[in-house]
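Numbered from 1 within each chain, the chains take letters A, B, ... in sequence-line order. Hydrogens, waters and symmetry mates are skipped; everything else that's a heavy atom, side chains included, is used.
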Protein chains: 2
Amino acid sequence: MKRPTLEAVAARAGVSRATVSRVVNGQLTVTPQIRDAVMRAVDELGYVPNSAARSLVTQRTDSVALVVSEPPTRVFSEDPMFSTVIRSASLELEAADKQVVLMLAGSQKSHARIERYVAGGHVDGVMLISMHGADPLPAAVARMGVPAVSYGRPAVPVPLPYVDNDNVGGAVKAVRHLLDRGRRRIATIAGPQDMIGGQDRLAGYRDALRDSDRRSIVAVGDFTRQSGAAAMRHLLQDDPQLDAVFVANDLMAIGALQALRQAGRRVPDDVAVVGFDDIEAARFTEPPLTTIRHPVSEQAAAMVQLLLGLLRGGPAVPVVLPTELVVRDSA
Amino acid sequence: MKRPTLEAVAARAGVSRATVSRVVNGQLTVTPQIRDAVMRAVDELGYVPNSAARSLVTQRTDSVALVVSEPPTRVFSEDPMFSTVIRSASLELEAADKQVVLMLAGSQKSHARIERYVAGGHVDGVMLISMHGADPLPAAVARMGVPAVSYGRPAVPVPLPYVDNDNVGGAVKAVRHLLDRGRRRIATIAGPQDMIGGQDRLAGYRDALRDSDRRSIVAVGDFTRQSGAAAMRHLLQDDPQLDAVFVANDLMAIGALQALRQAGRRVPDDVAVVGFDDIEAARFTEPPLTTIRHPVSEQAAAMVQLLLGLLRGGPAVPVVLPTELVVRDSA
DNA sequence: GACGAGCGCGAGAGCGCTCTCACATTGGAG
DNA sequence: CTCCAATGTGAGAGCGCTCTCGCGCTCGTC
């Protein structure tokens with residue numbers, strides 16, 4: 001009932017351990033004839049290399065950690081984006097024959113655990129998903145000297161290459177669209193300012209308005225639907241004249257749509273709404289939501305490629321992916 | 001720049017490797033004084049055990065595979081349940097100091113990969129999430145003789161312990177509720193019959209109706225909202241008199257609600273609707289959805305405990321968790 | 001035909017750890 | 001005071017693999 005070892009395969013094929021090792025690892029300095037004999041022995045015995053033994057000597061583990069840092073609000077992990085990122089990253093890593101070790105970073109305790117684990121050299125690299133400014137993990141990971149990348153630009157400056165979408169550019173696109181449609185009083189519902197998406201999308205809104213001579217009208221939410229509805233009510237109270245609102249994510253935009261309906265405003269006739277993210281639900285709102293799409297899968301895949309590059313000794317250059325305006329009926 | 005080894009710690013503490021090993025592994029046959037000295041050396045050097053070396057000799061890896069089998073329809077992985085299960089299982093395993101290796105089973109290729117990986121003894125146990133009847137993976141995993149458990153009862157009989165919720169009982173509860181409210185013509189929108197949830201919930205519906213003398217009216221969907229709406233339209237066409245419908249999941253129930261509204265039926269006045277799952281959106285439908293709640297997190301945690309039990313040589317007994325009727329406005 | 005280059009293969013060391021076993025050392029009993 | 005158990009520690013083997021090194025063989029060259 002024991003698993004066969006290199007030794008057993010070698011004995012069966014009538015060669016040395018070293019030769020079997022060469023064949024198994026695909027070196028081409030082996031005579032085809034011997035190679036075949038070894039392959040046959042491998043098949044017959046059902047030999048599978050012992051990864052522990054292998055990584056003991058190679059100092060590689062062929063596995064990477066996918067660290068998901070859970071923000072206090074839990075927005076992210078309840079987000080469908082969460083599964084998309086994980087799935088896309090997994091598929092991409094699978095193609096590169098890397099194992100994915102999933103680690104959730106919630107509590108203080110789990111932080112210590114992750115640091116120990118990574119510092120212990122149990123993984124070749126780290127992918128960090130953290131959208132929260134106060135998160136100490138990006139800095140910690142960067143400090144450890146292990147190849148690491150971040151999904152999304154870290155909210156505080158940290159020497160960690162990242163793959164992000166162009167939040168600023170996307171917000172600019174959204175606001176420009178509203179300006180092009182002749183909207184005059186364009187408000188925004190911003191995201192939490194301790195998350196990079198929140199910061200950058202607000203910055204984009206401000207940039208776009210600065211070019212025109214409109215004044216900015218800002219309410220802040222926390223990326224949940226409820227907060228979007230609340231923010232919309234505030235905005236309507238502050239400036240009943242507003243005729244457009246750029247909302248920093250679709251979930252809040254859906255809340256805003258609700259609030260507008262309750263306030264008796266027609267969308268887009270009275271108030272135009274543009275969201276951000278293009279989540280699935282954006283297609284089914286009433287009216288369907290105009291929004292900024294960013295490629296979540298591609299971003300995850302790009303993150304993996306960035307890490308794989310690092311592992312091969314490549315450069316640590318951030319990647320920023322473009323966004324796209326999706327025009328539906330709400331603006 | 002090299003990581004310290006046991007040897008180094010031993011040298012610094014002035015003891016043997018064996019003693020350091022004892023301390024690190026928490027054996028209590030070490031004199032407190034020596035123990036302290038070792039601990040100090042460990043701290044000073046920042047020693048972290050090399051897991052490859054350790055599992056090479058212990059034949060354990062302290063990690064388990066979480067295999068997510070992606071059904072063709074992709075319903076599951078887009079489901080928020082997906083993240084909930086993963087999160088809950090991860091947290092529970094973290095508490096037991098086990099590593100989580102995430103594996104997606106989509107293509108044929110990935111199946112082979114997973115089998116190789118698991119058979120290769122790279123993990124101590126396997127957790128399988130597969131809701132799809134035609135999936136060969138549960139059988140394959142069961143055959144390998146590695147400790148393994150399934151989230152949800154495998155759709156075909158397979159010698160694999162599982163943790164499931166009481167789908168049949170939940171459906172019975174739903175239908176009984178409709179009966180109690182005096183509904184006379186109770187239809188159902190069933191889920192796909194190659195998924196266990198689809199089968200069992202339909203069985204529960206039939207069971208409950210058999211006790212009364214109502215006839216059953218069945219349409220089948222595929223757990224997506226669109227299919228729910230389509231099925232509802234069919235049902236209304238087949239039997240315009242129906243006054244209630246039990247829908248096998250909330251997503252389809254939401255679709256059904258839409259279809260009913262478009263058909264000019266009032267909910268619950270004309271037609272009562274009960275869903276299944278209690279997803280978050282069920283609270284925000286118009287009207288809020290009466291549904292069957294099952295504890296997803298608890299189920300995932302129970303699955304982990306079941307596996308941990310197996311790893312300790314415990315018994316392989318399936319667990320079935322109770323469901324709960326959540327009454328809102330739709331029925 | 002002699003010689004050196006080059007290529008394929010095997011021997012053996014060693015990765016960092018655990019664990020068995022034998023060896024002190026101590027304390028209590030006779 | 002001797003002896004034996006009990007207890008704590010160290011020496012050393014070995015987990016399964018990779019990789020360096022050197023040896024023997026073949027082939028081309030002069």
Report task. Kindly say whether B/Gln27 contributes a backbone atom to a donor-acceptor pair with the side chain of B/Asn25 at under 3.5 angstrom? Result -> no
Query raised in the report: Short question: side chain of B/Gln99, backbone of B/Asp62 - any donor-acceptor pair under 3.5 Å?
Result: no
Query raised in the report: Counting only N and O atoms by type, is there a donor-acceptor contact under 3.5 Å from the side chain of A/Ser55 to the main-chain atoms of A/Ser51?
Result: yes
Query raised in the report: How far does the helix from C/dG1-D/dC30 to C/dG30-D/dC1 bend, going by the axes of its first and last five pairs, to the nearest 10°?
Result: 50°
Query raised in the report: Does A/Asp164 use its side chain to pair, donor to acceptor, with the backbone of A/Arg153 at less than 3.5 Å?
Result: yes
Report summary line: Nearest-nucleotide check on DNA chain D, A/Arg22 vs A/Pro4; residue mapping nearer the 5' end is A/Pro4
Requested in this report: Considering only heavy atoms of chain B and a distance under 4.0 Å, specify the first and last nucleotide of DNA chain D in 5' to 3' order that meet this criterion.
Outcome: D/dG8 to D/dG16
Query - Inter-residue atom distance B/Arg12.CZ - B/Leu45.CG, 0.5 Å rounding - result: 5.0 Å
Query raised in the report: Is it true that a side-chain atom of B/Thr61 and a backbone atom of B/Ser63 form a donor plus acceptor pair closer than 3.5 Å?
Result: yes
Report task. To the nearest Å, give me how far apart CG (A/Leu6) and P (C/dG12) are. Result -> 17 Å
Report summary line: By nearest-heavy-atom nucleotide on DNA chain D, the more 5' of B/Leu28 and A/Thr58 is B/Leu28
Query raised in the report: Sub-3.5 Å donor-acceptor pair from the side chain of A/Ser110 to the main-chain atoms of A/Ala105, do we have one?
Result: no
Query raised in the report: Under the 3.5 angstrom rule, does the side chain of B/Thr58 hit a backbone N or O of B/Arg54 as a donor-acceptor pair?
Result: yes
